[in-house]
Amino acid sequence: MRRAHELALRGWGRTFPNPMVGAVIVAAGDVVGEGWHGEYGGLHAETVAIAGAGERARGATLHVTLEPCAHTGKQPPCADAIIAAGIARVVIAVPDPNPAAAGGADRLRAAGIVVEMASPDPAASAYNFRFLHQYADSRLPYVAVKLAVSMDAMIADANGRSQWISGTAALEWVHWLRAGFGAIAVGARTAVADDVQLTVRGRVEPRIPPVRVIFDRRGTMSPGHRVFAGNSDASVVVIVGSGVNQAARDRIEGAGAGVVVADALGPALESLAIAGIDSVLVEGGGRLAGALMRDNLVDRVYQVQAPRWLGSGIPAWPGIEPAALGDAARWRMLAVELLGDPDIDSDVVIALGRR
Ligand code: AOF
Ligand code: ZN
């Protein structure tokens, strides 16, 4: 199943609104077929694995990261393909929350196949948050915060310089990460200080380019900033407070961006959801990260820990309500990964999810 999850992740950035799915067929201890869902609307993981296994699928075990579908959508039902292939046993990591497609496990059982649900492991399928969030009955987008911090938890030095705390491998990784979100966001201070583009410039080209969002309560963004430069298909949305005057709003709209008016982060995120944004990767600054955390709006944290000390600077996550150790919320560790060559970079990314 671990291999099946690895394969699923190859669909990163390419399958939404459908899931990433991986499948591995094992016969007599040998892997005889592998598949993953590589592109929205394309072949399902199970079908690809079955095609690879051919006759060796007969009597074999299929490990699949999502319950096989029982419906005809863009693709025919995988449950029927599994039955036709003569697979004897199916191990499933996560039941399908999509009511249109669910029911595959029951159909397989009815055909005499042994079906097992793997023990629940939120970390193993954490990559599918976008697919799963669609069925989570939330009025908000899924919110992830990515921060690069020094060992002493600063996101910038005392002069406000934050480029680059982490190394080149981390930068490549961030571009990969961006491809998996519906929007990329920063606070206006960061947008101006780094003159950000918020585009995806990595090895995965997202099927739908993420919307670029700037939280600009005071309306300070102006048309000269690079995010408005028109070198990308990804639209730009600027969220301003109700105190920002019409002239400033017109200036931002004149630069080609959409303007959303909101005075708090919850309503701002709700407006993004209404505009069709399902998920947001917030990349700073620290103040925005701290405010989102304080308001309980963060679903996932990616903290890139760089092996250096700054002594002073801009702290990550300011403004969080103090808590006694016994009361402080404990997050779930989803993954820890070393980014790049330890001789060059030695950054570590820690992925955390809510419990
Ligand atoms: C996928 N890829 O590998 C699996 C999926 O319209 P369709 O036919 O592509 O069906 C989409 C639904 O099928 C999807 O929401 C999910 O519930 C189920 N399984 N989907 O795109 C796959 N196994
Ligand atoms: Zn299917």
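Each ligand, and each atom within it, is numbered from 1 in the order the structure gives. In this text the structure is predicted, and so the values were computed from the model without any measurement.
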Heavy atom of [X], distance to ligand 1 below 4.0 Å:
X: Thr15; value: no
X: Pro19; value: yes
X: His71; value: yes
X: Phe131; value: yes

**Report entry** Flag for Thr220-Asp216: side-chain donor and acceptor within less than 3.5 Å
**Finding:** yes

Query - Protein heavy atom at shortest distance from atom 21 (O) of ligand 1 - result: His37 NE2, 2.9 Å

Query raised in the report: atom 7 (P) of ligand 1: which protein heavy atom is closest, and how many Å away?
Result: Lys74 N, 3.3 Å

Considering residues at least two apart in sequence or located in another chain, which fulfil the side chain to side chain donor-acceptor pair (under 3.5 Å) criterion with [X]?
X: Asp80; value: Arg107
X: Trp173; value: none
X: Asp157; value: none

Report task. Ignoring hydrogens and angles, tell me if any N or O in the side chain of Arg178 forms a donor-acceptor pair with the backbone of Thr199 under 3.5 Å. Result -> yes

Query raised in the report: Judged by atom type as modelled, is there a donor-acceptor pair below 3.5 Å linking the side chain of His175 to the main-chain atoms of Arg201?
Result: yes

Is [X] close to ligand 1, meaning an N/O of one under 3.5 Å from an N/O of the other?
X: Asp96; result: yes
X: His44; result: yes
X: Ala45; result: yes

So if I count the atoms of ligand 1 from 1 in the order they appear, which ones are less than 4.0 Å from some heavy atom of [X]?
X: Asn18; result: 9 (O), 11 (C), 14 (C), 15 (O), 21 (O)
X: Glu46; result: 3 (O), 23 (N)
X: Gln75; result: 7 (P), 8 (O)
X: Ala101; result: 13 (O), 17 (O), 18 (C)
X: Val21; result: 3 (O), 4 (C), 22 (C), 23 (N)
X: Gly73; result: 6 (O), 8 (O)
X: Asn98; result: 12 (C), 14 (C), 15 (O), 17 (O)

Query raised in the report: Could Glu116 and Arg89 be called an ion pair, given the rule that one side-chain N must be under 4.0 Å from one carboxylate O?
Result: yes

Query raised in the report: Taking the side chain as C-beta and beyond, is there a heavy-atom pair between Gln305 and Val149 under 4.5 Å?
Result: yes

Query - Shortest non-hydrogen separation from Cys69 to Pro76 and the atoms involved - result: SG-O, 4.1 Å

Query raised in the report: Can you say whether the rings of His133 and Tyr142 are parallel (under 30°), tilted (30 to 60°) or perpendicular (over 60°)?
Result: perpendicular

Requested in this report: Please work out which of the three classes, parallel, tilted or perpendicular, describes the rings of Phe228 and His225, given edges at 30° and 60°.
Outcome: tilted

Query raised in the report: Using a heavy-atom cut-off of under 4.0 Å, does the side chain or the backbone of Trp36 touch ligand 1, or both, or neither?
Result: neither

Query raised in the report: With a 6.0 Å cut-off on ring centres, are Phe129 and Phe16 close enough?
Result: no

Query raised in the report: With Glu39, which of Arg14, Arg10, Lys74 fulfils salt bridge (charged side-chain N to carboxylate O under 4.0 Å, His left out)?
Result: Arg14

Report task. Below 2.8 Å of the Zn ion (ligand 2), tally up the protein N/O/S atoms for me. Result -> 3

**Report entry** Matching residue for Val213 among Val280, Leu272, Ile184 - test: side chain to side chain contact (heavy atoms under 4.5 Å, CB included)
**Finding:** Leu272

